[in-house]
There are 2 protein chains.
Amino acid sequence: MATGRTHRPATRSRGIPEATVARLPLYLRALTALSERSVPTVSSEELAAAAGVNSAKLRKDFSYLGSYGTRGVGYDVEYLVYQISRELGLTQDWPVVIVGIGNLGAALAGYGGFASRGFRVAALIDADPAMTGKPVAGIPVQHSDDLEKIINEDGVSIGVIATPAGVAQQVCDRLVAAGVTSILNFAPTVLSVPDGVDVRKVDLSIELQILAFHEQRKAGEETSAEEGPDAGAEPEAAAVAPPAPRGATGSTGRKGPDGDVPAVMPA
Amino acid sequence: MATGRTHRPATRSRGIPEATVARLPLYLRALTALSERSVPTVSSEELAAAAGVNSAKLRKDFSYLGSYGTRGVGYDVEYLVYQISRELGLTQDWPVVIVGIGNLGAALAGYGGFASRGFRVAALIDADPAMTGKPVAGIPVQHSDDLEKIINEDGVSIGVIATPAGVAQQVCDRLVAAGVTSILNFAPTVLSVPDGVDVRKVDLSIELQILAFHEQRKAGEETSAEEGPDAGAEPEAAAVAPPAPRGATGSTGRKGPDGDVPAVMPA
DNA sequence: CGCTGTGAAAGAGTTCACAGCG
DNA sequence: CGCTGTGAACTCTTTCACAGCG
């Protein structure tokens with residue numbers, strides 16, 4: 001994601017594949033729940049079920065971390081919680097700033113899973129002077145003029161962008177210039193960042209569109225539940241749209257409030 | 001994700017790989033922006049840059065949709081917008097319900113990218129009677145007792161869960177029972193659903209943890225930018241934690257307000 | 001000539017299946 | 001005997017590189 005050079009092509013960081021890293025938080029959550037119930041050990045089968053993956057994958061994932069299990073028995077819950085936490089870097093806590101305290105920013109600020117799990121909301125930042133000083137989720141909002149100062153004083157290296165799309169890139173640039181090297185972007189824009197900076201994005205409309213794709217397919221399928229053995233030549237999806245409105249060059253115009261905007265549908 | 005059987009192992013739906021489907025919304029957004037600026041055509045190179053991917057990938061992706069480009073020229077923006085929209089199923093609009101109108105639910109309800117891009121917020125649902133009737137983002141909240149009725153009357157097939165983790169599964173079950181077949185889950189839990197139901201999840205703390213992993217690695221690397229050729233035996237990450245607190249069985253207790261909870265750190 | 005479309009090669013990630021440890 | 005750890009097979013994804021159309 002992100003134009004510049006995001007998901008570091010670098011790759012298998014220290015040997016742990018990216019796909020595995022992405023699942024560690026899942027395992028950690030499941031393990032934490034077990035830990036709370038004072039369950040001492042789990043088998044790969046049980047833990048996999050709790051995390052929603054299959055056991056072979058889980059064992060393979062854990063094998064990248066080391067041999068933390070006991071054959072014939074399973075994994076020691078507490079021990080694994082610790083190992084995964086350490087691997088993820090959660091044994092230290094990370095100060096995080098949230099920029100853009102609108103509805104979403106406020107929701108994020110109040111998100112419980114934040115405080116715990118090794119993260120601490122170091123500051124809430126918004127460009128609206130009317131917000132400055134106003135406490136959100138118990139934390140006073142600071143003005144974006146002080147962004148650099150805040151980042152520096154708290155040694156923040158992770159920033160969350162919850163601003164409108166139109167200003168996301170400039171906020172990003174300032175965060176990066178101030179020393180932030182990891183960004184979680186909620187704005188529906190592609191951010192470009194220099195090498196060495198990681199960006200992850202969370203995008204509601206993308207997720208919905210992916211769901212819509214599958215949803216549409218379900219509706220069109222109905223029959224032939226089991227995919228055909230050969231998958232024929234070129235089965236047109238459902239009978240929804242007209243042949244092909246070629247050359248309807250520019251005219252949909254319609255500028256949205258922000259640097260983003262949709263306007264799909266020809267019909 | 002999701003225990004049951006989520007990301008359908010089924011796979012290459014109609015021939016379009018999942019990875020490609022996940023990028024179509026990205027292309028669509030970039031194309032829409034171009035369309036608004038009345039740009040008539042784009043090359044794979046330009047569009048790829050705007051979408052934050054490389055051009056070879058983009059061309060390969062488009063090749064699954066058909067041959068919509070013109071050699072020596074590029075792609076017709078309007079035409080591609082239409083083709084991708086159709087492929088994603090956005091030429092029809094999908095009624096969506098949002099369950100759980102807390103901070104996050106409210107933020108989602110007000111999200112602009114919703115109304116556009118083929119989705120329509122059909123209803124906001126919350127279990128708190130005090131919320132019932134209260135308008136959020138211009139839409140009156142309805143009580144969850146009426147969930148089934150709402151789903152049925154509006155023919156909703158996509159549901160968004162923004163409730164606390166503790167009730168997410170039961171909300172999910174009710175949605176599914178009422179006929180919803182696609183779920184976007186914001187609650188930090190693994191949902192299990194029957195076959196045929198798609199679940200996608202958006203999870204703040206998972207994203208942060210992934211960032212923390214890479215962040216930690218950056219800090220630990222510093223030296224040896226280029227990974228060592230052999231990756232030694234068992235290089236302890238940073239010098240942060242003690243050797244290994246084996247068998248510290250149950251005691252971290254500390255029950256959170258919800259069915260979820262963290263509490264990482266041994267030390 | 002420029003840019004698409006695509007085979008073929010390379011690389012990641014997943015699944016299988018079983019050796020072998022406790 | 002049960003369950004982990006893992007080589008090997010397989011599948012999916014990305015990248016390369018270039019033929020060939022407009």
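If you're wondering where the values come from, they're calculated on a predicted model, not measured in any experiment. Each chain gets a letter, A, B and so on, in the order the sequences are listed, and its residues count up from 1.
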* Structure fact -> Value for OG1 (B/Thr32) from CD1 (B/Ile84), rounded to nearest 0.5 Å, stands at 8.5 Å
* Can you tell me the distance, in whole Å, between the CZ atom of B/Arg71 and the P atom of D/dC18? => 16 Å
* Asked: Any salt bridge between A/Asp203 and B/Arg29, counting N to O under 4.0 Å?
  -> yes
* Asked: Which part of the nucleic acid, if any, lies within reach of A/Phe62 when heavy atoms closer than 4.0 Å are counted: base, sugar-phosphate only, or nothing?
  -> nothing
* Would you kindly give the OH-to-P distance between B/Tyr68 and C/dT4, to the nearest whole Å? => 16 Å
* Asked: Can you tell me how far P of C/dG13 sits from NZ of A/Lys57, to the nearest Å?
  -> 11 Å
* Asked: What is the distance, rounded to the nearest whole Å, between atom CG of A/Leu47 and atom P of D/dC3?
  -> 14 Å
* Starting at OH of B/Tyr64 and ending at C1' of D/dT13, how long is that distance when rounded to a whole Å? -> 8 Å
* To do: Would you mind pulling out the nucleotide paired to D/dA8, Watson-Crick or G-U wobble, both distances under 3.5 Å?
  => C/dT15
* Asked: Given atom CD of B/Glu45 and atom P of D/dT15, what is their separation to the nearest angstrom?
  -> 13 Å
* **Most 5' of A/Val73 and A/Ala56 on DNA chain D, judged by nearest nucleotide** => A/Val73
* N/O donor-acceptor pair, side chain A/Arg59 with base D/dG5, under 3.5 angstrom -> yes
* Give the minimum heavy-atom separation between B/Leu47 and B/Ala30, together with the two atoms involved. => CD1-CB, 3.7 Å
* Asked: Under 3.5 Å, is there a donor-acceptor pair linking the side chains of B/Ser35 and B/Glu78?
  -> yes
* Asked: For C/dG20, which nucleotide in any strand shown is its Watson-Crick or wobble partner with both distances under 3.5 Å?
  -> D/dC3
* Send over the distance from A/Leu58 CG to D/dT6 C1', rounded to a whole Å. => 14 Å
* Between A/Arg59 and A/Ser44, do the side chains contain an N or O donor and an N or O acceptor separated by less than 3.5 Å? -> yes
* To do: Could you tell me the separation between the CG atom of B/Leu80 and the C1' atom of C/dC3, rounded to a whole number of Å?
  => 14 Å
* Structure fact -> By the Watson-Crick or G-U definition, both distances under 3.5 Å, D/dT13 is matched with C/dA10
